[in-house]
Amino acid sequence: MAGYDFKTIEEKWRTYWQDHGTFRVDNPGEEGFAPEKPKLYVLDMFPYPSGAGLHVGHPEGYTATDIVCRYMRMKGYNVLHPMGYDAFGLPAEQYAVEHGVHPRETTEENIANIERQIKMFGFSYDWSRRLATTDVDYYRWTQWIFLQLFNSYYDPEAAAARPIRQLIDRLLSGELLVDLAGRVVFPEPGEEISGDIFGMTGTHRKFAELDDEEKRAVVDDHRLAYMAEVPVNWCPKLGTVLANEEVTNEGRSERGDHPVYRRSLKQWMLRITAYAERLLADIETVDWPEPIKIMQRNWIGRSDGAEVDFPLESLGTDEWFEERNAGGFPTVEEEEVIRVYTTRPDTLYGTTYMVLAPEHPLVEQITTEPQRNQVRTYVKAAKNKSELDRIADTKEKTGVFTGAYAINPVNRRKIPIWVADYVMMGYGTGAIMAVPAHDERDFAFAMNFDLPITPILKRRDEADARYFVGTGHEESAKIYEAFKHNPDAFSALRGIDFGPVVHESDDNTPFIPNAAHEKFFDLDDSPKLWIFVGPTAHQDAASLAGLSSYGRAVPRCNPSMNEEHEYIHSGPLNGLSPAEGKKKITDDLEAAGMGKGAVNYKLRDWLFSRQRYWGEPFPIVHCETCGTVPLPEDQLPLTLPAMDDFRPDSTDNPEAPPQPPLGKATDWIRTACPNCGRPATRELNTMPQWAGSCWYYLRYLDPKNSEQFVSPDVERYWMNHSKDGGVDLYVGGAEHAVLHLLYSRFWHKVLYDLGHVSTPEPFHKLFNQGMIRSFAYRDDRGVYIGYENIDFRDDGAYHKKTNQKLSESVEKMSKSLKNVVNPDDVIEEYGADTFRLYEMFMGPLEASKPWNTRDVPGAYRFLQRVWRMCLGDEENGIRSLLVDETEMEKGVEKALHKLIKKVAEDIEAMKFNTAIAAMMDFVNTCYKAMAITQCQVIRFLGVLNPFAPHITEEIAEQLGRTESIAYESWPPFDERMIEDETVEVPVQINGKVRSRVTVPAKADDDAVLELVLADRKIAPQVAEKKIVKKIVVPGKLVNLVVK
RNA sequence: GCCGGAGUGGCGGAAUUGGCAGACGCGCGGGAUUCAAAAUCCCGUUAUGGCAACAUAGUGUGGGUUCGAGUCCCACCUCCGGCACCA
């Protein structure tokens, strides 16, 4: 046979698979469907078809899933393995704007190119299911799902989404009431709702008594898709709002590097926060990498605490407290009451001031006249801050006193109310109780503005809270000098906890001593603070040094809380431990009607609109009479209007109103209200890129269905016909750990609640492939040098022209680092099978690892060896190793059985690198034996086929197969063939290997020891000594402990 | 700062989870084949000492547990990823 000509072979087999529909898989109800087989749904994160095409990271995950799919087909599974494109989004639009072409055109070109690249790898996708999020047939259903969200509300009693019609009916019947803030009041579990159970009269209204506009507002406010005025990242230059991840750390747009401003705009929001608890709880049910689960939990950010009411000074009279006591904690904040959220209600006695977020509605109302200008200036500045300023300012705490005071409900003390931007409106209630003695931020703020600091927790074994003292530099120097002359006198001060410590920094930030500071810092560092511990330590130290003044005593900040602590200065809590205190204070607050246990989440509602052209249009019409009206389903799809000029209006003015590109499609905008038929306008925003990727895995199931987004029978089969519901294996990069995966889970749960899908979670098993990076080279000046200009020698990389030695580092692949590897080039030179093999052989799939082009020939050589082993290479006069069955080598047969077992185990554990190593080893074994039979070759090809499908198909054909081996059964192995009769075990003396003995595999411990003691190396070493202990690990090792 | 992950030959990485450290590949050295080269096949390749058998050291650093530690525990260092005033 001729040599290994990968170009011809790979082309041939790709065509074969396509022409024969080898990897098409039928749905239940279709002709070729095989109901008796188990199903497997293996999904790749679909790519964004960028102009740059595929990079080597994409095929890494795709190869891994392809191996699993091909293996599982051989194991007899119905395998669903589709591919598609996430094609909406800003990059396509920006590219189109820059080059003056319609985004649909560039998108289609990019898809064609990336698909050409993907197909070169010979992946076993069912291409008949291909989709793109930009297909009208696809986004029609994205719009349909949006309507599901719009037409639903979250019912807290059912803990599930329900049709909004049900809410309206319950409101109309009077079963549910509306509070003064326009929120529907749902009964507590077990609570009976009647007209007057809500305590004070006049706090609730009947829905039926509202006017039409009010009714609409109440209903719209409970939809899962709703419009709200929210602070957003507004980029006037791009003319659009941006998602947080589209904004750089420097507060600029990722695309184009333009300034981004915080600004309030009316936007579409999705009520993902309603699902926070379920999203959190159900993480436990899926098989995902633990770090990803942790990231999702952190993102959701549940915290348990309490809401507490602080009345303003004017309101907080004894009578008011009594009323409260009787009436209980109201669901809605009363006027003139500041409601805070805290995770540490137990520190209430240490609350010495309050802080409102600049956006807090009470700020304007409570500010006193003398403070008004200052407060207004501050609030305005805080609101207009760009992201950049916000980040830069996090070090320094700023704020302004409002002039107003509130009453601390537990000790009735009057405490000042401040405004500061370290409190954010978006979390909790936008107001906090500040406990500077036990919270780092409050402490920094209190130090800055000289606010009182009261410690309320101390360690049980401590006399009182610890103190430190700040003095000026000169005093520090004097005390230090005094200490050096007479350390013994100072050591008496250490009795309490710490010795004197010198502050190590120059600025005025407060210093928090800990055990690590129990030593003196070098005075040359210009210390400004001395730290002493104990109520009078600072005085004592000053007098020892002969100083009359000793600075100011300040309690330190101690955020820690464990069971070794007890309360002080806390009234009824004094002496309790934190666990006891937390429980008691929450009970007391509830009894007094001053507070209530509460849960908070960091998770925010999802900002769902963008001022862009290249996204899904909202199926929404705005009507003056009827308000926000959804399009009826039969009017879907609402297609994007044809436009020549789809660029957003660009400006430098951060205050300019957004002008979405769709605003220019004047004919398209004007429409009739689906409700009343009067003239109305279409929604001008479009959906964000995440929308399309939220549910693509469902459309793959039934991509051609024009009646439904997916047929229920088909959905149930592919998603819910195995032990665990959902996609059986989902592989992609960890960059989607949070957003895509969280958004998808949210949509899926809504669809589940509404009965459109059968599983609560979309992706049962998730696997993250590691990032492929590559070596980057720099010359002395730090300029990056491309590979084409590098001479690789034994001792390093040199510049071809200047002969300069270059420094090497491993970096993300990027054009600017000149270290991008193009898969096209590699395939051109070595073929797809080699590429696949190399990427899988680089290391563990989940690990980040560097691409090294110089290693690729290793994989290529292996395939060459396989080829020659099976077929020989006449041109080079090399004969194959094929021998007759009668000359079968037992060693090869045994190695083959071991290999089959090993590779199966490794594929199932996604450990492809070691599977390949085992195959290389097997081939080496065959070469040593100089023999392999045809029957062995066929089995070996089966094992190698998932990894290198083209070459294995070709070899099989040349050996006489007449059809594809893709559905060949996975070769069986015999456990008895694998067992060894004898094993070599190492013999250790005192833990060091001194010899090895060969023993029968089934020998018992005594028999093994007998052999060991007779060993010619061991015998002399133990002869003179006493054997203290004998350890025999069967089949592993023997260890003798001697004296 | 907080939360994850990882540090093993010249390089990418193995090591059945506490039992022979360095599988497999790259690179390098040697040999065979060849007029020669490429390709191919075979042998060697952690370091130090020794002709060798062998000895000693060795998995980021320092301690510890254990008959035995790359693997477990404590403290620290470095790199990578994520979050970042979340009350």
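None of these values were measured; they are calculated from a predicted model. Lettering of chains follows the sequences in order, A, B, ..., and the numbering in each one begins at 1.
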When rounded to whole Å, the CD to P distance for the pair E811(A) and rC80(B) reads 8 Å
Interatomic distance at C1', rG30(B) relative to rA14(B), whole Å:
26 Å
S303(A) and N600(A): CA distance, side-chain angles, deciding distance, side-chain hydrogen bond (donor to acceptor under 3.5 Å, both in side chains) verdict:
CA-CA 5 Å; S303(A) 73; N600(A) 245 294; 5.6 Å; no
Practice prompt. Taking only the side-chain nitrogens and oxygens of R868(A), find out if one of them lies under 4.0 Å from OP1 or OP2 of rA39(B).
Written response: no
Q.
For a quick check of understanding: with a heavy-atom distance under 4.0 Å over all strands, which category does K849(A) fall into, base, sugar-phosphate or nothing?
A. sugar-phosphate
From the candidates rC26(B), rA23(B), rG4(B), the one with an atom nearest any side-chain atom of P291(A) is rG4(B)
(request) Determine the contact category for N913(A): base if any of its heavy atoms lies under 4.0 Å from a base atom, sugar-phosphate if only primed atoms, P, OP1 or OP2 are that close, otherwise nothing. (result) sugar-phosphate
Picking from rC67(B), rG82(B), rA21(B), the nucleotide nearest the side-chain atoms of M295(A) would be rG82(B)
With the side chain defined as heavy atoms from C-beta on, F841(A) is closest, among rC24(B), rU40(B), rA55(B), to rC24(B)
When rounded to whole Å, the NZ to C1' distance for the pair K602(A) and rC2(B) reads 9 Å
Could you tell me whether the side chains of Y860(A) and E829(A) share a donor-acceptor contact shorter than 3.5 Å?
no
- Query: Are any of R773(A)'s side-chain N or O atoms less than 4.0 Å away from OP1 or OP2 of rG81(B)?
  - Reply: no
(request) Look at all strands and tell whether V987(A) reaches a base, only sugar-phosphate, or nothing, counting heavy atoms closer than 4.0 Å. (result) nothing
Picking from rG13(B), rG19(B), rC43(B), the nucleotide nearest the side-chain atoms of K928(A) would be rC43(B)
Need one value for R879(A): base, sugar-phosphate or nothing, where a base atom within 4.0 Å counts as base even if backbone is also close, heavy atoms only. nothing
Need one value for E984(A): base, sugar-phosphate or nothing, where a base atom within 4.0 Å counts as base even if backbone is also close, heavy atoms only. base
Contacts of K992(A) and L1040(A) projected onto RNA chain B by closest heavy atom; the upstream (5') one is K992(A)
Check: Would D346(A) and K582(A) pass as an ion pair if we require N to O under 4.0 Å?
Finding: no
As its Watson-Crick or G-U partner within any shown strand, both distances under 3.5 Å, rA15(B) has none
Looking only at rC41(B), rA87(B), rC11(B), the nucleotide nearest the Y927(A) side chain is rC41(B)
### Message
Measuring to OP1 and OP2 of rA87(B), would you say a side-chain N or O of Y427(A) lies under 4.0 angstrom away?
### Response
yes
For rG58(B), the nucleotide meeting Watson-Crick or G-U wobble distances (both under 3.5 Å) is none
Any strand, both distances under 3.5 Å, Watson-Crick or G-U wobble: rG70(B) pairs with none
Across every strand shown, the nucleotide meeting Watson-Crick or G-U wobble geometry with rU78(B) (both distances under 3.5 Å) is rA6(B)
Checklist entry - Between T63(A) and Y838(A), do the side chains contain an N or O donor and an N or O acceptor separated by less than 3.5 Å? => result no
OP1 or OP2 of rG4(B) less than 4.0 angstrom from a side-chain nitrogen or oxygen of R297(A), does that happen here? no
Requested in this report: Rounded to whole angstrom, note down the C1' distance from rU56(B) over to rC11(B).
Outcome: 27 Å
Practice task
Quick one: label Q864(A) by what it contacts on the DNA or RNA (base, sugar-phosphate, nothing), any heavy atom closer than 4.0 Å.
Solution key: nothing
Looking at E975(A) and K901(A), is any side-chain nitrogen of the basic one under 4.0 Å from a carboxylate oxygen of the acidic one? yes
The nucleotide from rA87(B), rA15(B), rC85(B) with an atom nearest the side chain of T914(A) is rA15(B)
If pairing means Watson-Crick or G-U wobble with both distances under 3.5 Å, then the partner of rG44(B) is rC28(B)
Considering just the side-chain nitrogens and oxygens of S303(A), establish if one lies under 4.0 Å of OP1 or OP2 belonging to rA87(B).
-> yes
| said: Counting the atoms with a prime plus P, OP1 and OP2 as sugar-phosphate, which does K293(A) contact under 4.0 Å by heavy atoms, base, sugar-phosphate, or nothing? | reply: nothing
Whole-Å distance, E735(A) CD to rC83(B) P, equals 12 Å
Assess whether side-chain hydrogen bond (donor to acceptor under 3.5 Å, both in side chains) is satisfied between Y378(A) and T398(A), documenting all intermediate values.
CA-CA 9 Å; Y378(A) 182 81; T398(A) 62; 2.8 Å; yes
N990(A) CG to rG19(B) P, in whole Å, measures 20 Å
E440(A) atom CD is separated from rA84(B) atom C1', nearest whole Å, by 14 Å
Any strand, both distances under 3.5 Å, Watson-Crick or G-U wobble: rU34(B) pairs with none
Among the nucleotides rU40(B), rA87(B), rA14(B), whichever has the atom closest to the side chain of T342(A) is rA87(B)
Out of rA87(B), rA21(B), rC83(B), minimum distance to the side chain of W299(A) belongs to rC83(B)
Do any N or O atoms from the side chain of K849(A) and from the backbone of E839(A) form a donor-acceptor pair under 3.5 angstrom?
-> no
Which of rG25(B), rC3(B), rG19(B) is nearest the side chain of I1031(A)? It is rG19(B)
Steps toward side-chain hydrogen bond (donor to acceptor under 3.5 Å, both in side chains) verdict (Y422(A), D442(A)) = CA-CA 9 Å; Y422(A) 83 92; D442(A) 297 343; 2.7 Å; yes
message = Taking any heavy-atom pair under 4.0 Å as a contact, classify P850(A): base, sugar-phosphate, or nothing.
response = sugar-phosphate
By the Watson-Crick or G-U definition, both distances under 3.5 Å, rC83(B) is matched with rG1(B)
By the Watson-Crick or G-U definition, both distances under 3.5 Å, rA39(B) is matched with none
- Item | OP1 or OP2 of rC67(B) under 4.0 Å from side-chain N/O of K1029(A) | yes
For N1039(A), answer base if it contacts any base atom (sugar-phosphate contacts may also be present), sugar-phosphate if it contacts only those atoms, and nothing otherwise; contact means non-hydrogen atoms under 4.0 Å.
base
query: OP1, OP2 of rG25(B) versus side-chain N and O of N924(A): anything below 4.0 Å?
result: yes
Between R773(A) and N819(A), do the side chains contain a donor N or O and an acceptor N or O under 3.5 Å apart? no
Rounded to whole Å, CG of L603(A) lies from P of rC83(B) at a distance of 14 Å
To the nearest angstrom, the CD-C1' distance between E905(A) and rU16(B) comes to 9 Å
Which of rU16(B), rC24(B), rC83(B) is nearest the side chain of K1036(A)? It is rU16(B)
Checklist line | Distance test, side-chain N/O of R865(A) to OP1/OP2 of rC42(B), below 4.0 Å | finding: yes
* To do: Please determine if E60(A) and R836(A) form a salt bridge, counting it only when a charged side-chain N lies under 4.0 Å from a carboxylate O.
  => no
Exercise. Touch check for V1033(A), heavy atoms < 4.0 angstrom, all strands: base, sugar-phosphate only, or nothing?
Worked result: base
Open item on the list: Between the base of rC67(B) and the side chain of K1030(A), is one N or O donor paired with an acceptor at under 3.5 angstrom?
Closed with: no
In whole angstroms, the gap separating C1' of rG5(B) from CD1 of I292(A) amounts to 11 Å
Task: N or O in side chain of K911(A) less than 4.0 angstrom from rA23(B) OP1/OP2 - done: no
Check your understanding: Base, sugar-phosphate alone, or nothing: which one does I294(A) contact when heavy atoms must sit under 4.0 Å apart?
Key -> sugar-phosphate
